[in-house]
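See structure below.
This is a predicted model, so every value here is computed, not measured.
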Amino acid sequence: MIVAVWWWLATPVTLARAPIDPAAKLQCVSYAPFRGAQNPLNLALHIDAAQIAEDLAQLAKITDCVRTYSVDNGVDQVPALAAKVGLKVIQGIWLGSNKVKNRLQIESAVSLVKANPGVISSVVVGNEVLLRGEMTASDLAGLIRSVKAQVGVSVPVTYADVWEFWLRHREVYDAVDFVTIHILPYWEDFPIRAKYAAAHVDQIRKRMAAAFPDKEILIGETGWPSTGRMREGALPSRTNQARVVSEILDLSKREGFRVNLIEAYDQPWKRRLEGTVGGYWGLIDEDQRALKYPAGQPISNYPLWKLQMAGGLVLCVVVFGAAFFKSRRRPWQPRLSSWIAVAISATTAGALLGLAVDKMIYESLGIGGWTQWGLLLAAGILAPTLTATALMSGRSLPTFLEIIGPRGGRTDSVLCATLGVILIVTVLIAAETALGFVFDPRYRDFPFASLTMVVVPFLALMLLNRPREGRRPMPEAIFAATLGLSTLYIVFNEGIDNWQSLWTCGAYLLLGLTLWQARAVQTPE
(Lines give C-alpha, C1' and ligand atoms only; values in the text may rest on other atoms or scores of the structure.)
Protein backbone atom coordinates (compact mmCIF):
# COMPACT_ATOMS: atom_id res chain seq x y z
CA MET A 1 0.00 0.00 0.00
CA ILE A 2 2.73 2.48 0.96
CA VAL A 3 4.74 1.66 -2.16
CA ALA A 4 1.65 2.11 -4.34
CA VAL A 5 0.85 5.50 -2.79
CA TRP A 6 4.34 6.86 -3.35
CA TRP A 7 4.55 5.37 -6.82
CA TRP A 8 1.40 7.31 -7.68
CA LEU A 9 2.48 10.54 -5.95
CA ALA A 10 5.91 10.58 -7.58
CA THR A 11 4.82 9.64 -11.11
CA PRO A 12 6.93 11.96 -13.29
CA VAL A 13 5.45 14.20 -15.96
CA THR A 14 7.12 14.63 -19.34
CA LEU A 15 6.14 17.75 -21.27
CA ALA A 16 6.28 18.13 -25.03
CA ARG A 17 8.28 21.32 -24.52
CA ALA A 18 10.80 21.81 -21.73
CA PRO A 19 9.62 24.73 -19.55
CA ILE A 20 13.10 26.23 -19.55
CA ASP A 21 15.13 25.26 -22.60
CA PRO A 22 18.56 26.86 -23.11
CA ALA A 23 18.11 26.25 -26.85
CA ALA A 24 15.03 28.52 -26.86
CA LYS A 25 15.69 31.32 -24.39
CA LEU A 26 13.00 33.11 -22.44
CA GLN A 27 12.02 36.57 -23.58
CA CYS A 28 12.34 38.01 -20.07
CA VAL A 29 12.13 37.03 -16.41
CA SER A 30 11.68 39.03 -13.20
CA TYR A 31 14.86 39.20 -11.18
CA ALA A 32 15.47 40.01 -7.51
CA PRO A 33 18.96 39.29 -6.09
CA PHE A 34 17.94 38.43 -2.53
CA ARG A 35 19.09 35.12 -1.03
CA GLY A 36 18.41 33.39 2.27
CA ALA A 37 17.67 35.94 4.98
CA GLN A 38 18.34 38.92 2.71
CA ASN A 39 15.29 41.15 2.60
CA PRO A 40 14.55 44.31 0.56
CA LEU A 41 12.57 45.65 3.51
CA ASN A 42 15.94 46.09 5.21
CA LEU A 43 16.85 49.48 3.77
CA ALA A 44 20.45 49.17 5.01
CA LEU A 45 21.03 46.00 2.98
CA HIS A 46 23.31 46.34 -0.05
CA ILE A 47 23.78 43.29 -2.26
CA ASP A 48 27.36 42.70 -3.33
CA ALA A 49 28.07 43.09 -7.05
CA ALA A 50 29.68 39.63 -7.19
CA GLN A 51 26.44 38.00 -6.02
CA ILE A 52 24.41 39.78 -8.70
CA ALA A 53 27.00 39.00 -11.37
CA GLU A 54 26.84 35.30 -10.46
CA ASP A 55 23.06 35.30 -10.87
CA LEU A 56 23.10 37.19 -14.16
CA ALA A 57 25.73 34.87 -15.63
CA GLN A 58 23.42 31.95 -14.84
CA LEU A 59 20.33 33.72 -16.16
CA ALA A 60 22.06 34.68 -19.42
CA LYS A 61 22.01 30.97 -20.32
CA ILE A 62 18.21 30.79 -20.25
CA THR A 63 16.89 34.30 -20.99
CA ASP A 64 17.61 37.41 -23.04
CA CYS A 65 16.27 39.91 -20.52
CA VAL A 66 15.62 40.55 -16.84
CA ARG A 67 13.05 42.80 -15.24
CA THR A 68 13.90 44.66 -12.02
CA TYR A 69 11.54 46.52 -9.69
CA SER A 70 13.61 49.18 -7.97
CA VAL A 71 17.07 50.72 -7.65
CA ASP A 72 17.51 50.02 -3.93
CA ASN A 73 19.65 47.47 -2.04
CA GLY A 74 22.28 47.38 -4.79
CA VAL A 75 19.80 46.51 -7.56
CA ASP A 76 21.03 49.62 -9.39
CA GLN A 77 24.13 47.54 -10.27
CA VAL A 78 22.09 45.22 -12.49
CA PRO A 79 22.22 47.17 -15.82
CA ALA A 80 26.02 47.50 -15.87
CA LEU A 81 26.51 43.86 -14.88
CA ALA A 82 23.83 42.68 -17.32
CA ALA A 83 25.66 44.36 -20.18
CA LYS A 84 28.71 42.19 -19.52
CA VAL A 85 26.74 38.97 -20.14
CA GLY A 86 24.57 40.26 -22.98
CA LEU A 87 21.30 40.74 -21.10
CA LYS A 88 18.76 43.50 -21.68
CA VAL A 89 17.02 45.07 -18.68
CA ILE A 90 13.46 46.25 -18.11
CA GLN A 91 14.26 48.81 -15.43
CA GLY A 92 11.73 49.23 -12.63
CA ILE A 93 11.03 52.33 -10.56
CA TRP A 94 9.36 51.54 -7.24
CA LEU A 95 6.72 54.10 -6.35
CA GLY A 96 4.75 54.49 -3.14
CA SER A 97 3.09 57.11 -0.99
CA ASN A 98 6.39 58.81 -0.02
CA LYS A 99 7.02 61.57 -2.55
CA VAL A 100 10.63 62.10 -1.50
CA LYS A 101 11.48 58.43 -2.05
CA ASN A 102 9.63 58.49 -5.35
CA ARG A 103 11.76 61.40 -6.55
CA LEU A 104 14.99 59.65 -5.54
CA GLN A 105 13.90 56.46 -7.31
CA ILE A 106 13.14 58.37 -10.50
CA GLU A 107 16.40 60.31 -10.44
CA SER A 108 18.44 57.15 -9.94
CA ALA A 109 16.60 55.24 -12.66
CA VAL A 110 16.97 58.07 -15.17
CA SER A 111 20.70 58.17 -14.44
CA LEU A 112 20.91 54.42 -15.04
CA VAL A 113 19.19 54.78 -18.42
CA LYS A 114 21.65 57.45 -19.52
CA ALA A 115 24.66 55.53 -18.18
CA ASN A 116 23.66 52.26 -19.88
CA PRO A 117 22.49 53.07 -23.41
CA GLY A 118 21.30 50.03 -25.31
CA VAL A 119 21.05 47.91 -22.16
CA ILE A 120 17.86 49.23 -20.58
CA SER A 121 15.18 48.42 -23.13
CA SER A 122 12.29 50.08 -21.27
CA VAL A 123 11.34 51.64 -17.94
CA VAL A 124 8.45 50.59 -15.69
CA VAL A 125 7.29 53.59 -13.67
CA GLY A 126 5.57 52.05 -10.67
CA ASN A 127 4.54 48.50 -9.90
CA GLU A 128 0.97 47.89 -8.69
CA VAL A 129 0.93 51.22 -6.86
CA LEU A 130 -2.74 51.67 -7.85
CA LEU A 131 -3.57 48.19 -6.58
CA ARG A 132 -1.99 49.05 -3.23
CA GLY A 133 -3.87 52.37 -3.13
CA GLU A 134 -0.70 54.40 -2.53
CA MET A 135 -1.15 56.87 -5.38
CA THR A 136 -3.90 58.40 -7.51
CA ALA A 137 -4.06 57.66 -11.22
CA SER A 138 -3.60 61.36 -12.10
CA ASP A 139 -0.43 61.65 -10.00
CA LEU A 140 0.90 58.44 -11.52
CA ALA A 141 0.24 59.67 -15.05
CA GLY A 142 2.13 62.86 -14.24
CA LEU A 143 5.18 60.94 -13.04
CA ILE A 144 5.11 58.72 -16.12
CA ARG A 145 5.15 61.78 -18.41
CA SER A 146 7.99 63.27 -16.36
CA VAL A 147 10.12 60.14 -16.78
CA LYS A 148 9.36 59.99 -20.52
CA ALA A 149 10.61 63.52 -20.93
CA GLN A 150 13.87 62.68 -19.13
CA VAL A 151 14.79 59.36 -20.78
CA GLY A 152 13.94 60.37 -24.33
CA VAL A 153 11.97 58.70 -27.09
CA SER A 154 14.45 55.85 -27.57
CA VAL A 155 13.47 54.19 -24.27
CA PRO A 156 9.76 53.28 -24.00
CA VAL A 157 8.04 53.93 -20.67
CA THR A 158 5.19 51.95 -19.13
CA TYR A 159 3.37 51.20 -15.89
CA ALA A 160 2.68 47.70 -14.49
CA ASP A 161 -0.40 46.53 -12.63
CA VAL A 162 -2.94 43.72 -12.51
CA TRP A 163 -5.16 43.82 -15.55
CA GLU A 164 -8.32 44.97 -13.76
CA PHE A 165 -6.68 48.23 -12.66
CA TRP A 166 -5.86 49.20 -16.21
CA LEU A 167 -9.56 48.98 -17.00
CA ARG A 168 -10.42 51.06 -13.93
CA HIS A 169 -7.85 53.80 -14.62
CA ARG A 170 -7.79 54.35 -18.36
CA GLU A 171 -6.14 57.77 -18.01
CA VAL A 172 -2.86 56.00 -17.29
CA TYR A 173 -3.11 54.42 -20.76
CA ASP A 174 -2.70 57.82 -22.42
CA ALA A 175 0.59 58.43 -20.60
CA VAL A 176 2.43 55.20 -21.40
CA ASP A 177 4.16 53.95 -24.55
CA PHE A 178 2.88 50.40 -24.02
CA VAL A 179 0.64 48.61 -21.51
CA THR A 180 2.14 46.18 -18.98
CA ILE A 181 -0.34 43.86 -17.32
CA HIS A 182 0.02 41.22 -14.61
CA ILE A 183 -1.99 38.03 -15.03
CA LEU A 184 -1.54 35.57 -12.18
CA PRO A 185 -4.22 32.85 -12.51
CA TYR A 186 -3.46 31.48 -9.04
CA TRP A 187 -4.15 34.85 -7.39
CA GLU A 188 -7.31 35.74 -9.29
CA ASP A 189 -10.38 36.53 -7.16
CA PHE A 190 -11.77 33.30 -8.58
CA PRO A 191 -8.64 31.12 -8.78
CA ILE A 192 -7.96 29.31 -12.04
CA ARG A 193 -6.88 25.66 -12.18
CA ALA A 194 -3.45 25.01 -13.64
CA LYS A 195 -4.84 23.23 -16.69
CA TYR A 196 -6.85 26.35 -17.61
CA ALA A 197 -4.18 28.93 -16.69
CA ALA A 198 -2.70 29.45 -20.17
CA ALA A 199 -6.16 29.80 -21.73
CA HIS A 200 -7.04 32.34 -19.03
CA VAL A 201 -3.91 34.36 -19.77
CA ASP A 202 -4.77 34.38 -23.47
CA GLN A 203 -8.37 35.40 -22.80
CA ILE A 204 -7.34 38.33 -20.59
CA ARG A 205 -4.65 39.43 -23.06
CA LYS A 206 -7.14 39.52 -25.90
CA ARG A 207 -9.63 41.39 -23.74
CA MET A 208 -7.00 44.01 -22.92
CA ALA A 209 -5.93 44.26 -26.56
CA ALA A 210 -9.54 45.00 -27.48
CA ALA A 211 -9.81 47.62 -24.73
CA PHE A 212 -6.47 49.28 -25.65
CA PRO A 213 -6.07 48.61 -29.39
CA ASP A 214 -3.42 51.21 -30.24
CA LYS A 215 -0.57 50.08 -27.98
CA GLU A 216 1.37 46.88 -27.39
CA ILE A 217 0.30 44.69 -24.48
CA LEU A 218 3.22 43.24 -22.49
CA ILE A 219 2.41 40.55 -19.98
CA GLY A 220 4.72 41.84 -17.27
CA GLU A 221 4.10 39.06 -14.76
CA THR A 222 2.70 35.60 -15.15
CA GLY A 223 3.61 32.19 -13.80
CA TRP A 224 2.64 29.62 -11.19
CA PRO A 225 3.94 28.69 -7.70
CA SER A 226 5.63 25.34 -7.13
CA THR A 227 4.74 25.01 -3.40
CA GLY A 228 2.04 26.30 -1.08
CA ARG A 229 -1.62 26.05 -0.17
CA MET A 230 -4.46 25.47 -2.60
CA ARG A 231 -6.90 28.23 -3.49
CA GLU A 232 -10.11 26.51 -4.55
CA GLY A 233 -8.92 24.24 -7.41
CA ALA A 234 -5.61 26.03 -7.98
CA LEU A 235 -2.86 23.70 -6.68
CA PRO A 236 0.76 24.88 -6.39
CA SER A 237 3.14 22.09 -7.39
CA ARG A 238 6.29 21.50 -9.40
CA THR A 239 4.43 19.72 -12.19
CA ASN A 240 1.71 22.37 -12.34
CA GLN A 241 4.29 25.16 -12.45
CA ALA A 242 6.13 23.43 -15.28
CA ARG A 243 2.90 22.87 -17.18
CA VAL A 244 1.66 26.45 -16.85
CA VAL A 245 5.00 27.99 -17.80
CA SER A 246 5.41 25.66 -20.76
CA GLU A 247 1.90 26.30 -22.09
CA ILE A 248 2.15 30.08 -21.69
CA LEU A 249 5.48 30.13 -23.52
CA ASP A 250 4.01 28.05 -26.35
CA LEU A 251 1.06 30.38 -26.50
CA SER A 252 3.23 33.51 -26.66
CA LYS A 253 5.24 31.99 -29.49
CA ARG A 254 2.14 31.09 -31.51
CA GLU A 255 0.28 34.36 -30.88
CA GLY A 256 3.33 36.60 -31.10
CA PHE A 257 3.09 38.54 -27.83
CA ARG A 258 5.80 39.37 -25.28
CA VAL A 259 5.78 37.80 -21.85
CA ASN A 260 7.86 38.22 -18.71
CA LEU A 261 7.79 35.31 -16.27
CA ILE A 262 7.74 35.72 -12.52
CA GLU A 263 10.29 34.92 -11.39
CA ALA A 264 13.93 33.90 -11.82
CA TYR A 265 14.75 32.70 -8.28
CA ASP A 266 12.61 31.62 -5.36
CA GLN A 267 12.42 34.49 -2.85
CA PRO A 268 12.15 33.24 0.78
CA TRP A 269 11.56 36.74 2.16
CA LYS A 270 8.18 36.93 0.41
CA ARG A 271 6.86 34.16 2.64
CA ARG A 272 6.43 36.62 5.50
CA LEU A 273 4.17 38.73 3.31
CA GLU A 274 2.39 36.12 1.17
CA GLY A 275 2.70 32.85 3.06
CA THR A 276 4.55 29.75 1.85
CA VAL A 277 3.33 30.20 -1.70
CA GLY A 278 4.98 33.62 -1.98
CA GLY A 279 8.46 32.16 -1.73
CA TYR A 280 8.16 29.58 -4.51
CA TRP A 281 7.38 31.31 -7.81
CA GLY A 282 10.96 30.95 -9.02
CA LEU A 283 12.14 28.92 -11.99
CA ILE A 284 15.38 28.34 -10.09
CA ASP A 285 15.62 26.82 -6.62
CA GLU A 286 16.92 29.29 -4.06
CA ASP A 287 18.89 26.77 -2.01
CA GLN A 288 20.65 24.87 -4.79
CA ARG A 289 20.59 27.73 -7.34
CA ALA A 290 19.63 25.12 -9.93
CA LEU A 291 16.83 24.96 -12.50
CA LYS A 292 13.78 23.16 -11.18
CA TYR A 293 13.17 21.71 -14.63
CA PRO A 294 16.36 20.74 -16.48
CA ALA A 295 15.68 20.22 -20.17
CA GLY A 296 15.00 16.62 -21.14
CA GLN A 297 14.34 15.39 -17.61
CA PRO A 298 10.95 14.17 -16.29
CA ILE A 299 9.32 16.39 -13.68
CA SER A 300 8.16 15.01 -10.34
CA ASN A 301 6.50 16.73 -7.39
CA TYR A 302 8.55 14.49 -5.09
CA PRO A 303 12.03 13.96 -6.55
CA LEU A 304 13.15 12.29 -3.28
CA TRP A 305 10.19 9.91 -3.25
CA LYS A 306 12.28 6.75 -2.82
CA LEU A 307 13.81 8.10 0.39
CA GLN A 308 10.40 9.29 1.59
CA MET A 309 8.83 5.92 0.83
CA ALA A 310 11.64 4.11 2.66
CA GLY A 311 11.08 6.26 5.73
CA GLY A 312 7.38 5.43 5.64
CA LEU A 313 8.08 1.71 5.39
CA VAL A 314 10.41 1.90 8.40
CA LEU A 315 7.73 3.70 10.45
CA CYS A 316 5.16 1.09 9.41
CA VAL A 317 7.46 -1.71 10.58
CA VAL A 318 8.07 0.10 13.89
CA VAL A 319 4.33 0.42 14.54
CA PHE A 320 3.70 -3.26 13.81
CA GLY A 321 6.76 -4.19 15.89
CA ALA A 322 5.47 -2.22 18.89
CA ALA A 323 2.12 -4.02 18.66
CA PHE A 324 3.74 -7.44 18.21
CA PHE A 325 6.12 -7.19 21.16
CA LYS A 326 3.37 -5.84 23.43
CA SER A 327 1.00 -8.63 22.43
CA ARG A 328 3.63 -11.27 23.26
CA ARG A 329 3.78 -10.00 26.84
CA ARG A 330 0.02 -10.35 27.41
CA PRO A 331 -1.68 -13.55 28.63
CA TRP A 332 -4.66 -13.04 26.32
CA GLN A 333 -4.90 -13.01 22.53
CA PRO A 334 -5.53 -9.50 21.14
CA ARG A 335 -8.76 -9.01 19.24
CA LEU A 336 -8.74 -9.08 15.44
CA SER A 337 -10.19 -5.57 15.46
CA SER A 338 -7.11 -4.35 17.36
CA TRP A 339 -4.79 -5.75 14.71
CA ILE A 340 -6.91 -4.18 11.98
CA ALA A 341 -6.68 -0.83 13.79
CA VAL A 342 -2.89 -1.20 14.06
CA ALA A 343 -2.69 -2.04 10.35
CA ILE A 344 -4.75 1.02 9.39
CA SER A 345 -2.73 3.31 11.67
CA ALA A 346 0.63 1.94 10.48
CA THR A 347 -0.30 2.17 6.80
CA THR A 348 -1.70 5.68 7.15
CA ALA A 349 1.36 6.93 9.01
CA GLY A 350 3.77 5.19 6.66
CA ALA A 351 2.07 6.53 3.54
CA LEU A 352 1.94 10.10 4.86
CA LEU A 353 5.30 10.40 6.63
CA GLY A 354 7.26 11.54 3.58
CA LEU A 355 4.55 14.03 2.62
CA ALA A 356 4.42 15.36 6.18
CA VAL A 357 8.19 15.83 6.32
CA ASP A 358 8.12 17.54 2.91
CA LYS A 359 5.42 19.93 4.07
CA MET A 360 7.25 20.70 7.31
CA ILE A 361 10.45 21.57 5.43
CA TYR A 362 8.75 23.85 2.92
CA GLU A 363 6.05 25.38 5.11
CA SER A 364 7.87 26.05 8.39
CA LEU A 365 8.91 29.68 8.82
CA GLY A 366 10.76 31.10 11.81
CA ILE A 367 11.17 29.55 15.23
CA GLY A 368 7.42 29.51 15.84
CA GLY A 369 6.65 27.78 12.56
CA TRP A 370 9.36 25.15 12.92
CA THR A 371 8.28 24.48 16.51
CA GLN A 372 4.61 24.13 15.62
CA TRP A 373 5.03 21.89 12.56
CA GLY A 374 7.88 19.99 14.21
CA LEU A 375 5.70 19.15 17.21
CA LEU A 376 2.83 18.08 14.96
CA LEU A 377 5.12 15.85 12.91
CA ALA A 378 6.59 14.34 16.09
CA ALA A 379 3.06 13.66 17.29
CA GLY A 380 2.29 12.03 13.94
CA ILE A 381 5.25 9.68 14.34
CA LEU A 382 4.71 8.83 18.00
CA ALA A 383 0.90 8.52 17.98
CA PRO A 384 0.58 5.36 15.83
CA THR A 385 3.46 3.64 17.65
CA LEU A 386 2.19 4.34 21.16
CA THR A 387 -1.41 3.71 20.15
CA ALA A 388 -0.44 0.27 18.84
CA THR A 389 0.98 -0.51 22.29
CA ALA A 390 -2.16 0.80 23.99
CA LEU A 391 -4.41 -1.27 21.72
CA MET A 392 -2.55 -4.44 22.64
CA SER A 393 -2.54 -3.66 26.38
CA GLY A 394 -6.19 -2.66 26.64
CA ARG A 395 -5.53 0.93 27.70
CA SER A 396 -7.77 3.77 26.59
CA LEU A 397 -6.95 7.26 25.38
CA PRO A 398 -6.54 9.48 28.47
CA THR A 399 -8.59 12.61 29.03
CA PHE A 400 -7.22 16.09 29.65
CA LEU A 401 -8.09 15.81 33.34
CA GLU A 402 -6.00 12.66 33.67
CA ILE A 403 -3.00 14.62 32.40
CA ILE A 404 -3.38 18.16 33.75
CA GLY A 405 -6.22 17.80 36.28
CA PRO A 406 -6.04 17.45 40.07
CA ARG A 407 -3.07 15.41 41.21
CA GLY A 408 -5.18 12.65 42.71
CA GLY A 409 -6.99 12.00 39.44
CA ARG A 410 -3.93 11.89 37.15
CA THR A 411 -2.88 8.69 35.44
CA ASP A 412 0.12 6.84 36.81
CA SER A 413 0.83 5.13 33.47
CA VAL A 414 3.77 6.46 31.50
CA LEU A 415 2.15 5.25 28.29
CA CYS A 416 -1.12 7.03 29.01
CA ALA A 417 0.66 10.18 30.15
CA THR A 418 2.68 10.31 26.93
CA LEU A 419 -0.43 9.70 24.82
CA GLY A 420 -2.19 12.45 26.75
CA VAL A 421 0.57 14.97 26.11
CA ILE A 422 0.53 14.13 22.40
CA LEU A 423 -3.25 14.53 22.36
CA ILE A 424 -3.11 17.93 24.07
CA VAL A 425 -0.39 19.21 21.72
CA THR A 426 -2.33 18.02 18.69
CA VAL A 427 -5.60 19.53 19.87
CA LEU A 428 -4.00 22.90 20.59
CA ILE A 429 -2.34 23.04 17.16
CA ALA A 430 -5.53 21.86 15.46
CA ALA A 431 -7.62 24.50 17.23
CA GLU A 432 -5.12 27.26 16.44
CA THR A 433 -4.95 26.37 12.76
CA ALA A 434 -8.73 25.87 12.47
CA LEU A 435 -9.43 29.29 13.98
CA GLY A 436 -6.73 30.73 11.74
CA PHE A 437 -8.60 29.45 8.67
CA VAL A 438 -11.71 31.17 10.01
CA PHE A 439 -10.24 34.59 10.84
CA ASP A 440 -7.09 34.92 8.69
CA PRO A 441 -7.03 32.18 6.05
CA ARG A 442 -5.42 33.69 2.95
CA TYR A 443 -1.80 32.65 3.48
CA ARG A 444 -2.20 29.64 5.80
CA ASP A 445 -1.10 26.12 4.86
CA PHE A 446 -3.25 23.05 5.47
CA PRO A 447 -1.68 20.59 7.96
CA PHE A 448 -3.54 17.58 6.57
CA ALA A 449 -0.68 15.06 6.45
CA SER A 450 0.73 15.24 9.99
CA LEU A 451 -2.70 15.82 11.49
CA THR A 452 -4.09 12.67 9.85
CA MET A 453 -1.14 10.63 11.13
CA VAL A 454 -2.24 11.54 14.67
CA VAL A 455 -6.00 11.49 14.31
CA VAL A 456 -6.44 8.05 12.74
CA PRO A 457 -4.75 6.03 15.53
CA PHE A 458 -6.32 8.15 18.27
CA LEU A 459 -9.79 7.64 16.86
CA ALA A 460 -9.17 3.90 16.53
CA LEU A 461 -8.02 3.72 20.14
CA MET A 462 -11.04 5.67 21.34
CA LEU A 463 -13.47 3.43 19.46
CA LEU A 464 -11.92 0.10 20.45
CA ASN A 465 -10.62 0.75 23.97
CA ARG A 466 -13.28 3.11 25.21
CA PRO A 467 -13.10 4.45 28.77
CA ARG A 468 -15.94 3.64 31.11
CA GLU A 469 -18.99 5.83 31.01
CA GLY A 470 -19.13 9.04 32.97
CA ARG A 471 -19.73 12.72 32.40
CA ARG A 472 -18.35 14.37 29.29
CA PRO A 473 -15.45 16.68 30.30
CA MET A 474 -15.80 20.36 29.52
CA PRO A 475 -12.36 20.92 27.87
CA GLU A 476 -12.84 18.13 25.34
CA ALA A 477 -16.38 19.32 24.58
CA ILE A 478 -15.22 22.91 24.00
CA PHE A 479 -12.45 21.88 21.63
CA ALA A 480 -14.73 19.43 19.80
CA ALA A 481 -17.31 22.18 19.26
CA THR A 482 -14.61 24.61 18.12
CA LEU A 483 -13.28 22.17 15.53
CA GLY A 484 -16.76 21.27 14.32
CA LEU A 485 -18.00 24.84 13.90
CA SER A 486 -14.73 25.96 12.31
CA THR A 487 -14.96 23.13 9.80
CA LEU A 488 -18.37 24.30 8.60
CA TYR A 489 -17.02 27.77 7.87
CA ILE A 490 -13.78 26.53 6.28
CA VAL A 491 -15.61 24.28 3.81
CA PHE A 492 -17.90 27.15 2.86
CA ASN A 493 -15.04 29.65 2.53
CA GLU A 494 -12.53 27.45 0.69
CA GLY A 495 -14.98 25.70 -1.59
CA ILE A 496 -15.44 22.07 -2.50
CA ASP A 497 -12.71 22.09 -5.17
CA ASN A 498 -9.95 22.52 -2.58
CA TRP A 499 -9.03 18.96 -1.60
CA GLN A 500 -6.37 20.16 0.83
CA SER A 501 -9.08 22.04 2.73
CA LEU A 502 -11.54 19.13 2.61
CA TRP A 503 -8.90 16.68 3.82
CA THR A 504 -7.88 18.98 6.68
CA CYS A 505 -11.52 19.53 7.66
CA GLY A 506 -12.05 15.78 7.66
CA ALA A 507 -9.14 15.43 10.09
CA TYR A 508 -10.60 18.21 12.27
CA LEU A 509 -13.95 16.42 12.39
CA LEU A 510 -12.39 13.07 13.29
CA LEU A 511 -10.36 14.72 16.04
CA GLY A 512 -13.49 16.47 17.29
CA LEU A 513 -15.34 13.14 17.30
CA THR A 514 -12.50 11.57 19.30
CA LEU A 515 -12.70 14.36 21.88
CA TRP A 516 -16.48 14.19 22.04
CA GLN A 517 -16.35 10.51 22.93
CA ALA A 518 -14.04 11.13 25.89
CA ARG A 519 -15.27 10.55 29.46
CA ALA A 520 -13.73 12.17 32.51
CA VAL A 521 -15.11 10.08 35.37
CA GLN A 522 -14.61 6.35 35.11
CA THR A 523 -16.83 4.01 37.07
CA PRO A 524 -14.92 1.12 38.69
CA GLU A 525 -15.87 -2.45 37.75
Side-chain angles (χ1 to χ4, degrees), residues 26-31 64-70 88-96 102 105-106 109-110 113 120-185 187-189 192 197-223 248-249 251-263:
L26 303 174
Q27 295 174 12
C28 203
V29 62
S30 293
Y31 170 65
D64 293 321
C65 161
V66 294
R67 176 189 171 186
T68 62
Y69 290 79
S70 76
K88 299 292 185 180
V89 177
I90 298 179
Q91 178 62 53
I93 298 176
W94 189 263
L95 299 179
N102 291 344
Q105 281 273 327
I106 291 173
V110 169
V113 172
I120 297 178
S121 60
S122 57
V123 177
V124 182
V125 183
N127 183 76
E128 298 183 352
V129 67
L130 296 178
L131 172 65
R132 298 192 304 275
E134 295 178 350
M135 184 177 292
T136 65
S138 58
D139 287 344
L140 174 61
L143 290 178
I144 293 171
R145 292 189 176 95
S146 172
V147 172
K148 287 177 64 175
Q150 295 179 68
V151 300
V153 296
S154 61
V155 180
V157 175
T158 185
Y159 166 68
D161 212 326
V162 295
W163 60 275
E164 299 99 325
F165 277 77
W166 279 99
L167 298 176
R168 297 177 192 176
H169 303 283
R170 290 175 177 265
E171 60 266 43
V172 178
Y173 169 75
D174 296 326
V176 299
D177 294 314
F178 63 95
V179 175
T180 300
I181 60 173
H182 295 170
I183 311 175
L184 300 172
W187 280 126
E188 293 284 18
D189 292 337
I192 308 299
H200 176 75
V201 169
D202 191 40
Q203 177 187 8
I204 298 302
R205 182 190 64 85
K206 289 177 178 176
R207 178 179 175 182
M208 296 296 293
F212 304 115
D214 299 326
K215 294 179 182 179
E216 179 195 10
I217 306 294
L218 166 67
I219 299 180
E221 282 186 2
T222 192
I248 289 175
L249 292 177
L251 184 65
S252 70
K253 184 177 181 179
R254 292 197 311 269
E255 299 290 334
F257 61 87
R258 287 198 296 152
V259 61
N260 173 77
L261 296 176
I262 183 168
E263 55 194 329

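Q105 pairs by the side-chain hydrogen bond (donor to acceptor under 3.5 Å, both in side chains) definition with D72, not counting sequence neighbours. Partners of E255 according to the side-chain hydrogen bond (donor to acceptor under 3.5 Å, both in side chains) rule, which considers only residues two or more places apart in sequence or in another chain, do not exist here. Under the rule for a salt bridge (Lys or Arg N to Asp or Glu O under 4.0 Å), E128 has no partner lying at least two apart in sequence or in another chain. Taking E216 as the reference, R258 meet the salt bridge (Lys or Arg N to Asp or Glu O under 4.0 Å) condition, with sequence neighbours excluded. For W163, the side-chain hydrogen bond (donor to acceptor under 3.5 Å, both in side chains) test picks out E188, with sequence neighbours left out. Scanning for side chain to side chain contact (heavy atoms under 4.5 Å, CB included) contacts around A211 gives L167, R170, with sequence neighbours left out. Partners of D202 under the side-chain hydrogen bond (donor to acceptor under 3.5 Å, both in side chains) rule, at least two apart in sequence or in another chain, are R205, K206. For F212, the ring-ring contact (aromatic ring centres under 6.0 Å, His included) partners two or more places apart in sequence, or in a different chain, are Y173. Legend: residues meeting ring-ring contact (aromatic ring centres under 6.0 Å, His included) with F257, ordered by chain and number and at least two apart, are absent.
Here the straight-line distance linking atom CD of Q91 with atom CD1 of I120 works out to 5.0 Å at 0.5 Å rounding. Here the SG atom belonging to C65 is positioned 9.5 Å from the NZ atom belonging to K88, to the nearest 0.5 angstrom. Atoms CD and OH, from E221 and Y69 in turn, are 3.5 Å apart once rounded to the nearest 0.5 Å. Interatomic distance, OG of S70 versus CG of N127, reported as 10.0 Å (0.5 Å rounding). If you take CD1 on I93 and CD1 on I106, they are separated by 5.5 Å, rounding to the nearest 0.5 Å. Note that CD1 of I248 is 8.0 Å distant from CD1 of I183, once rounded to the nearest 0.5 Å.
Here the closest heavy-atom approach between residue I90 and residue S121 is recorded as CG1-OG, 3.9 Å. The minimum heavy-atom distance linking R67 with V124 is given by the pair NH2-CG1, 3.8 Å. Scanning both residues, I144 and A175, for their nearest heavy atoms gives CG2-O, 3.4 Å. The two atoms that bring G220 and S30 nearest to each other are O-OG, 4.3 Å, heavy atoms only. Among all heavy-atom pairs drawn from A198 and L251, the shortest one is O-CD2, 3.4 Å. When all heavy atoms of A137 and E171 are compared, the pair lying nearest together is CB-OE2, 3.1 Å.
Considering only heavy atoms from C-beta on, L261 comes within 4.5 Å of T222 through its side chain.
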Return all side-chain donor-acceptor pairs below 3.5 angstrom for residues 152-162, not counting sequence neighbours, or 'none' if the list is empty.
{"from": "T158", "atom 1": "OG1", "to": "F178", "atom 2": "O", "distance (Å)": "2.5"}
{"from": "T158", "atom 1": "OG1", "to": "T180", "atom 2": "N", "distance (Å)": "3.4"}
{"from": "T158", "atom 1": "OG1", "to": "T180", "atom 2": "OG1", "distance (Å)": "3.0"}
{"from": "Y159", "atom 1": "OH", "to": "V129", "atom 2": "N", "distance (Å)": "3.1"}
{"from": "Y159", "atom 1": "OH", "to": "L130", "atom 2": "N", "distance (Å)": "3.0"}
{"from": "Y159", "atom 1": "OH", "to": "D161", "atom 2": "OD2", "distance (Å)": "2.4"}
{"from": "D161", "atom 1": "OD2", "to": "L131", "atom 2": "N", "distance (Å)": "3.3"}

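Checking side-chain atoms of N260 against main-chain N and O of Q27 turns up no donor-acceptor pair under 3.5 Å.
Applying the side-chain hydrogen bond (donor to acceptor under 3.5 Å, both in side chains) test to every pair with at least one member in residues 133-148, sequence neighbours left out, gives these pairs: R132-E134, T136-S138, T136-D139, S146-Q150, K148-D177.
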(request) Could you give me the CA-CA distance, side-chain angles and deciding distance for V176 and W166, then say whether side-chain contact (heavy atoms from CB on, under 4.5 Å) is met? (result) CA-CA 11 Å; V176 299; W166 279 99; 4.1 Å; yes

